[in-house]
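Start at 1 with the first residue, then count along the sequence.
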Amino acid sequence: MASRPGSEPGESLTPRERDVLREMAHGRSNAGIARALHLSISSVEKNVNAIFTKLGLENSGDVHRRVAAVLAYLGPADR
């Protein structure tokens, strides 16, 4: 996982994907992100899926990808 956007692998995120990830870190739903960033919900969903892919977060029953993406955004900490 990346420590912050701008470092491996987070540096591959686009500015818009970083905006979406930041809103996810604020606890917003896709609809809330869409309102905050003036995007369609479909656009938010596409960005969220791109974030998951770029951060290497596979769909698994063991890990909640949204939480894992936010933890990657927040960076390393004593977990």
For V63, which residues count as a side chain to side chain contact (heavy atoms under 4.5 Å, CB included) partner, sequence neighbours excluded? A68
Give the table of side-chain donor-acceptor pairs shorter than 3.5 Å for residues 32-50, with sequence neighbours excluded, one pair per line with atom names and distance.
from : atom 1 : to  : atom 2 : distance (Å)
S40  : OG     : S43 : N      : 3.0
N47  : ND2    : S43 : O      : 2.8
N49  : ND2    : E45 : O      : 3.2

Taking salt bridge (Lys or Arg N to Asp or Glu O under 4.0 Å) as the test, write out the residues that go with R66, two or more places apart. none
Closest non-hydrogen atom pair between M24 and A69, with its separation: CE-CB, 4.1 Å
Rounded to the nearest 0.5 Å, how far does OH of Y73 lie from CD of E23? 9.0 Å
Could you pull out all residues at least two apart from R16 that satisfy salt bridge (Lys or Arg N to Asp or Glu O under 4.0 Å)? D19
Heavy-atom pair with the smallest gap, counting every atom of I51 and E17: CD1-O, 3.3 Å
First locate atom CG of L55, then atom CG of L71, and finally report the distance between them rounded to the nearest 0.5 Å. 11.0 Å
